[in-house]
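Step one of this worksheet: look at the structure below.
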Amino acid sequence: MATQALWQPKEEGLREICGLLEQHISPTSDKTRIWQQLQHYTQFPDFNNYLAFIFARAQGTPVEIRQAAGLLLKNNLRSAFKSMDPAYQQYIKSELLPCLGAEDKHIRTTVGTITSVVVQQGGTIGWPELLQALIQCLDSNDINHMEGAMDTLSKICEDIPQELDYDVPGLAGRPIDVFLPRLFQFFQSPHASLRKLSLGSINQFIMLMPTALYLSMDQFLRGLFVLACDPAAEVRKLVCSAFVQLIEVNPSFLEPHMKNVMEFMLQANKDSDDEVALEACEFWSVYCEAQLNPELLREFLQHLIPILLSNMVYADDDESLIDAEEDDSQPDRDQDMRPRFHSSRFHGSDDMKDDDDDSLNVWNLRKCSAAGLDIISNIYREEILPTLMPLVEAKLSTSDDETWKEREAAVLALGAIAEGCVEGLYPHLAEIVAYLIPVLDDKFPLLRSITCWTLSRFSKFIVQSIANQKGAEQFNKVLMGLLRRILDTNKRVQEAACSAFATLEEEAAKELAPYLETILQHLMCAFGRYQRRNLRIVYDAISTLADAVRVKLNQPRYLEILMPPLIAKWQQLSDSDKDIFPLLECLASIAQALGTGFSQFAGPVFRRCINIIQSQQLAKVDPASTGVQYDKEFVVCSLDLVSGLAEGLGSGIESLVSQSNLSDVLLQCCVDDAPDVRQSALALLGDLARFCPVYLRPSLSNFLKIAAKQLGASDLKESFSVTNNACWAIGELAINVGSSISEVREEVSPVVMTVFSCLVPILLHAEGINRSLVENSAITLGRLAWVCPEIVSPHMEHFMQPWCAALSMIRDDVEKEDAFRGLFAIVRLNPSGALNSLEYMCRAIASWHVMRSEDLHNEICQVLHVYKQMLSDGSWERCLSALEPPVKDKLSKYQV
């Protein structure tokens, strides 16, 4: 293929590429082979010129081939445009512009896609001719030119709207200033396509809110109210979207018109087009979440609630109706398997687990309406019950097969308001639960599944009622009903029942002990029956059970039911099978629950975890030698299971780690380039420091340096989980790995200032930082001060106030005791360093609810008396008078 000053294609090259493209779009061709040939052509510098020529000029060629050339060109330009010969870049641009007004719609839409990619790569400044061409096309009266330009502009607005809000040489104003008046004009176009594209383009700027749109807001709103009655559903949907975005970005724009907007949204929520109704339905949740005037919405509730309830009924084409027919004899397809995300181990007071919600399912009008009702119920509480409950009761009173969807929507509504309206429902909850229990056995699978979910929403009430006999009987019926549904033959019901049961387990905790044998029999029966996707939910239910009942699980008769199926699965899965992830998580929970009772299973589990980590570390460097593809999740899950073993076995894990090379493996994981591997490795490091410190002693210095390096992240919000675990691990290493504080001082002291310089800024700017990280920083700073007070005390006046404020927030436990020992160690060395922070220190001391350590109690007394004597000029009394009465009361127990 030739390179010339004025590029021209060769006939032979055109024929060859067109022939390949024709084969590529043929349904019977060998796609892989043809794709490889097309990729081979990309090594020729002018291959993209050929594609541009075929797309733009090959008039006698079928439009499908021209379009295929255009789409291939788009993909190539995405990665190669910036490195192309400028002359070739210019050639491609010049071929694209005449296509803006092409007669064929496929060519017009494809040129818009290619043009947007070129603008993404080179910006509008690099292509001033494009802006002029777009303006000319928009100002013409030719529908093809107007539509082609509008389609291209809408794609640029969607992909890179900010590009149109920069100054461009040679243009009067920014591109947005030039285009916006033309877009407003198209609101009145007789062509629905132009109305849709113009409004869609402006909507892309609402979140950015450039000055041009801000200053034109009145004109935009007038246009929206005109388009609100548009005959085209796509336009009405965009009107709803605009109002929803405006509420999120700047509700003040809509405040003068809010009643009209709500009236429109109410009508749109009933639109015959489901997509319009869905977009309108989003408005109510967004309005409530923006915490706008509740009085305005209150007057619409009696009209809105019936619409939401009506829209919660399954649509005839809802995909769930098809899925609901699947029984558990049908194997799961690969596309049924949702992506799975393991949460790395996190040490702190915050719950780091993400709710496994429906975010991966299709969002539709039914789910949006239920979410809206949930949010509204949390604001208006029992106020909505007089409107809602008669409608719900009417739907529940039907019993024929034709109305099952109405009953299902009513049960969904009860679940949606379970949290917000609990006080208003409370006198009737026993009756509601009694109604729902038989529905667990309904003939319609989706009624059975939604009943599981709704009952789980009332878990707190169901468990609290155990105290009286009727409540205990009802709890038993709910529990047995959910266990029956766990063994349902329908996959959808299995999933709902397992998830609902896990929620009940969390709430019931020790109340489950009398039912353990029955629960385990049902769960392990499900474990043997379920297909791959739902098997993950059984693992979760088993893990939740272990977390709930803890050591009560450690009885031979329970372990005989629980462990053999898990061990069989453990032996069946290979080290590179991703189905082992949820099993590793499950075993970690069981190990922590059983404690030393897990010892009989611990050896093989520990050794396999080490093998998995080592094989993955090798696969990362040399996949060919291991025959497996590297996947960090294997490492993370294995590290977390070893942490679970450490927590369960306590010092009993020492016999396992002492015969292994875990120390070397762990050092490598602590410096891994993946943050979640480092996070789990540092959590394990802290656990090992607690339970087998002797093992870490030879490598203490290395581990301290590595952990200290993890504290220096530039973006705390991105890396706070790693920083949090590193901070916690340093504190555990400092006070545990050695028979006495003095023994480890030599190895701890070199990192003290590095750690100190990272932790103090966290305490100084605690307001915007994760609470666990602040607490762990305060504890670790205290532990380092305890080990090396002479290094920390000279700097104490720089951090005493925020440090004491953070210590005040920590719950009473051993870690808090350690931190206070550090506080008093540096105060003894440098009492004047805390004088300006005495009030803060008094509040921190008063934050103790129960002081279990007599030594620490005596130490507090001594420190306070030292300050009382130092401030004998009346300053002590002034300090006390500045404290709140509850703080003074707490301090009185220390005889000051």
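Numbers here are sequence positions counted from 1. These numbers come from the heavy atoms of this one structure, side chains and all, not from hydrogens, waters or symmetry mates.
At least one side-chain heavy atom of Asn76 sits less than 4.5 Å from a side-chain heavy atom of Phe47. Side-chain atoms of Leu304 and Trp284, non-hydrogen and from C-beta on, do get closer than 4.5 Å to each other. At least one side-chain heavy atom of Leu164 sits under 4.5 Å from a side-chain heavy atom of Leu153. In this structure, the side chains of Cys368 and Glu282 come closer than 4.5 Å at one or more pairs of heavy atoms. Inter-residue side-chain proximity for Ile206 and Phe220 is flagged as met; some heavy-atom pair is nearer than 4.5 Å. Side-chain contact between Leu38 and Leu72 is present, with at least one heavy-atom pair separated by less than 4.5 Å.
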- request: Assess whether side-chain hydrogen bond (donor to acceptor under 3.5 Å, both in side chains) is satisfied between Ser252 and Asn250, documenting all intermediate values.
  value: CA-CA 5 Å; Ser252 62; Asn250 195 336; 2.4 Å; yes
task: Might you work through the side-chain hydrogen bond (donor to acceptor under 3.5 Å, both in side chains) test for Gln710 and Arg678, ending with a clear yes or no?
output: CA-CA 9 Å; Gln710 301 301 324; Arg678 297 200 303 277; 2.8 Å; yes
- request: Could you give me the CA-CA distance, side-chain angles and deciding distance for Lys93 and Glu129, then say whether salt bridge (charged side-chain N to carboxylate O under 4.0 Å, His left out) is met?
  value: CA-CA 9 Å; Lys93 289 176 183 176; Glu129 303 91 341; 5.9 Å; no
message: Thr109 vs Asp151, test: side-chain hydrogen bond (donor to acceptor under 3.5 Å, both in side chains). Steps then yes/no.
response: CA-CA 6 Å; Thr109 55; Asp151 184 77; 5.4 Å; no
query: Is there a salt bridge (charged side-chain N to carboxylate O under 4.0 Å, His left out) between Asp273 and Lys237 once you walk through the steps?
result: CA-CA 9 Å; Asp273 185 288; Lys237 177 185 171 184; over 6 Å; no
- prompt: Checking ring-ring contact (aromatic ring centres under 6.0 Å, His included) for the pair Phe253/Tyr214: CA distance, chi angles, key distance, verdict?
  reply: CA-CA 9 Å; Phe253 290 136; Tyr214 185 90; 5.5 Å; yes
message: Set out, in order, the CA-CA distance, both residues' side-chain angles and the distance that settles side chain to side chain contact (heavy atoms under 4.5 Å, CB included) for Met150 and Ser201, then state yes or no.
response: CA-CA 9 Å; Met150 203 55 254; Ser201 298; 3.5 Å; yes
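Of all heavy-atom pairs between Cys99 and Phe55, the closest is SG-CE2, 4.0 Å. The shortest heavy-atom contact between Ser320 and Tyr314 is CB-CE2, 3.7 Å. When all heavy atoms of Asn48 and Met84 are compared, the pair lying nearest together is ND2-SD, 4.1 Å. Of all the heavy atoms in Asn269 and Ala277, the pair that sits closest is ND2-O, 3.4 Å.
Listed for the Arg195 side chain is a donor-acceptor partner under 3.5 Å among the backbone atoms of Ser189. A distance-only check finds a donor-acceptor pair linking the side chain of Glu163 to the backbone of Thr124 [under 3.5 Å]. Although no hydrogens or angles enter the test, the distance criterion places a donor-acceptor pair under 3.5 Å between the side chain of Asn203 and the main chain of Leu238. With hydrogens and angles disregarded, no donor-acceptor distance shorter than 3.5 Å links the side chain of Tyr50 to the backbone of Ala69.
Using a 30° and 60° split on the angle between ring planes, Phe44 and His40 fall in the perpendicular class, above 60°. Using cut-offs of 30° and 60° on the angle between ring planes, the pair Phe243 and Phe225 is tilted.
To the nearest 0.5 Å, atom CD1 of residue Ile92 and atom CH2 of residue Trp7 are 9.0 Å apart. Considering CG of Asn364 and CD of Glu275, their distance stands at 11.5 Å, rounded to 0.5 Å. Distance CG/Asp230 to CG/Leu224: 11.5 Å, rounded to 0.5 Å. With rounding to the nearest 0.5 Å, the separation of CD in Gln89 from OG in Ser94 is 12.0 Å. If you take CG on Asp139 and CG on Leu134, they are separated by 10.5 Å, rounding to the nearest 0.5 Å.
Counting non-hydrogen atoms of neighbouring residues, nucleotides and ligands closer than 6.0 angstrom, the CD atom of Glu22 reaches no more than 12 such neighbours. The number of heavy-atom neighbours closer than 6.0 Å to CD of Glu234, taken from other residues, nucleotides and ligands shown, is 12 or below. In this structure, Glu12 places its CD atom where only 12 or fewer heavy-atom neighbours from other residues, nucleotides or ligands lie under 6.0 Å away. No more than 12 heavy atoms of other residues, nucleotides or ligands sit less than 6.0 Å from atom CG of Asp316.
We find that Glu633 and Lys578 are not joined by a salt bridge, their nearest charged nitrogen and carboxylate oxygen being 4.0 Å or further apart. Contact check on Arg174 versus Asp165 returns a salt bridge, with a Lys/Arg side-chain nitrogen under 4.0 Å from an Asp/Glu carboxylate oxygen. The pair Lys620-Asp631 fails the salt-bridge criterion, with no side-chain N (NZ, NE, NH1 or NH2) lying under 4.0 Å from an Asp/Glu carboxylate O.
With hydrogens and angles left out, the side-chain atoms of Asn311 and Arg366 include no donor and acceptor closer than 3.5 Å.
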